[in-house]
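All residue numbers refer to positions in the sequence shown, counting from 1. In listed order, ligands and their atoms are each counted from 1.
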Amino acid sequence: IPVDPFDLVIFGGTGDLARRKILPALFRRFCAGQMPDDSRIIGAARSEMSESEYRDLVRDALAEFGKKHAEDKHAVEAFLKHLHYVAVDAMGDGGWKEMKALLRDEEGLVRAFYFSVGPSLFGPLAEQLRENGLADRETRIVVEKPFGHDLESARSLNEELAQHFYEDQIYRIDHYLGKETVQNLMAVRFGNMLFEPLWNAQYVDHIQITVAETVGVGGRGSYYDHSGAMRDMVQNHLMQLLCLIAMEPPAQFEADAVRDEKLKVIRALDPVDPDQIVRGQYTSDGSMPSYREDAENPTSKTESFIALKCYISNWRWANTPFYLRTGKRLSARASEIAVVFKETPHSIFGIDSGRHRNVLSIRLQPDEGMTLGVTIKEPGPGGMRLVDVPLDMSFADALGPDAEEVTDAYERLIMDVIRGNQTLFMRGDEVEAAWAWTDPLIEGWERRGDSPKPYDAGSGGPDDAAFLINRDGRRWRGIK
Ligand code: BG6
């Protein structure tokens, strides 16, 4: 279904994110017939560039990142016709008149500005939009992470934006919320009778959230070294996953109803004891550089891996551990949320059959899908022996060959901006609450001067991460 026609300005329109994600996502929505013909995409950046040079840059980006649609040269050329370019100076006067001339004032036309730039430019750009008369009450702005570095900086970013825009105009991206499986998490929880009655401390033993990556930080070292896994992944992506897993059912699938519930989860998180946090840093495996080489900081104490155990102090989840783990240069790219149910209270089949537990695993990537582990009788005449078998659903099988196209988070999220739907975007208070939880943990290890534990590239992270969960009589699923 096509969205309303739009003028979308991408600040940072020549940058890495625009080339890798934003423009290819728009292109694929164009190919899917969702982008109306009279829509404009306006790249904006500091450097002078002609419109045709910009189109060349985007053509190259699509060839590299546009997946299979980009092989259709006609489609690429038709898409490029929608593109414009303006050189603007975020801090000065340059380019704003030209930008204004390109934007149209038409009834029903959506105007949105995508701030694909560092957070230090959020405030100045918001101010320019207002002062140059480019934004009105209907205009939307999209901001990328990192949304601040800590609570204080996130607060001041929120304040800066609030001087020029209302909260319902601000779309804070966490691209994990646009992932197909992440949305499915809500569908599974609140679209079925089966799970919700069991979704609590009485039946759930613990929950694991793993986001494992094989990539290192090469190329992004200067950003990452000031950030680390806690700020880069936990404060936002893992926190959002935790919220969706743990929140109460919202009354409606509506932006504020969902975000109110997520906020309650974050606010109910207990502080984490230092001995429940394991930080790691990858070393070189001979062929690939170590973290410190990637970050060009030979004494860096920044973590490229983190595992922690936390609790949500509310009626539903009291005393149920949530184990979170994420890291770079691990043995596999594998992201999963696993709800591990308690063992059956008593085995009627005798001790030989063992005690069994169900596990619902939601795979974010790769091979998006869900598996429910159930216990059945081992087939055959061997008596009543029990085995665990997977009830397996893979999106690729369920959706057919288009599955790959359906799963790109940015496509969904950008279209939601045009539709004016904020459900999958973070509200200002959510971001602040997440920082309020992570700040003391970070301050704690900085104050103590803790160094992250080295771990081998291509491994499952430091041994202490396994110990963190093993000492509770549990073990990590998936990558080891
Ligand atoms: C980004 C982080 O937000 O998410 C990166 O800054 C990380 O460090 C990336 O690699 C992971 O995203 P995805 O979609 O590849 O899991």
Would a 4.5 Å heavy-atom cut-off, applied to side chains only, mark [X] and [Y] as touching?
X    : Y    : result
Y171 : L413 : no
S227 : T302 : no
L161 : V143 : yes

Find all atoms of ligand 1 within a distance of less than 4.0 Å from any non-hydrogen atom belonging to [X], and give their numbers and elements.
X    : result
R220 : 2 (C), 5 (C), 6 (O), 8 (O)
K179 : 13 (P), 14 (O), 16 (O)
K328 : 5 (C), 7 (C), 8 (O), 10 (O)
Q365 : 13 (P), 16 (O)
K145 : 1 (C), 2 (C), 3 (O), 6 (O)

**Message:** Test your reading of the structure: does Y224 have an N or O sitting under 3.5 Å from an N or O of ligand 1?
**Reply:**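 So ligand 1 has no N or O lying under 3.5 Å from an N or O of Y224.
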**Request:** Before signing off on this row, confirm whether H237 and ligand 1 have an N or O atom pair separated by under 3.5 Å.
**Result:** yes
**Message:** Distance to the ring centre below 6.0 angstrom and angle to the axis at most 45 degrees; does that hold for K145 and F147?
**Reply:** no
**Geometric cation-pi criterion, R172 with F425: 6.0 Å, 45°** = no
**Prompt:** Looking only at side chains, do E336 and S361 share a donor and an acceptor under 3.5 Å apart?
**Reply:**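 Yes, S361 and E336 have a side-chain donor paired with an acceptor closer than 3.5 Å.
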Distance to 0.1 Å, residue and atom name: give those for the protein heavy atom nearest to [atom].
atom                    : answer
atom 6 (O) of ligand 1  : D232 OD1, 2.6 Å
atom 15 (O) of ligand 1 : R333 NH2, 3.6 Å
atom 12 (O) of ligand 1 : H175 NE2, 3.1 Å
atom 16 (O) of ligand 1 : Y176 OH, 2.4 Å
atom 9 (C) of ligand 1  : E213 OE2, 4.0 Å

**Prompt:** In a check of side chain to side chain contact (heavy atoms under 4.5 Å, CB included) between F122 and each of L157, I141, N158, which one passes?
**Reply:** L157
**Prompt:** Ignoring hydrogens and geometry, is there a side-chain-to-backbone donor-acceptor pair from E293 to S290 under 3.5 Å?
**Reply:** yes
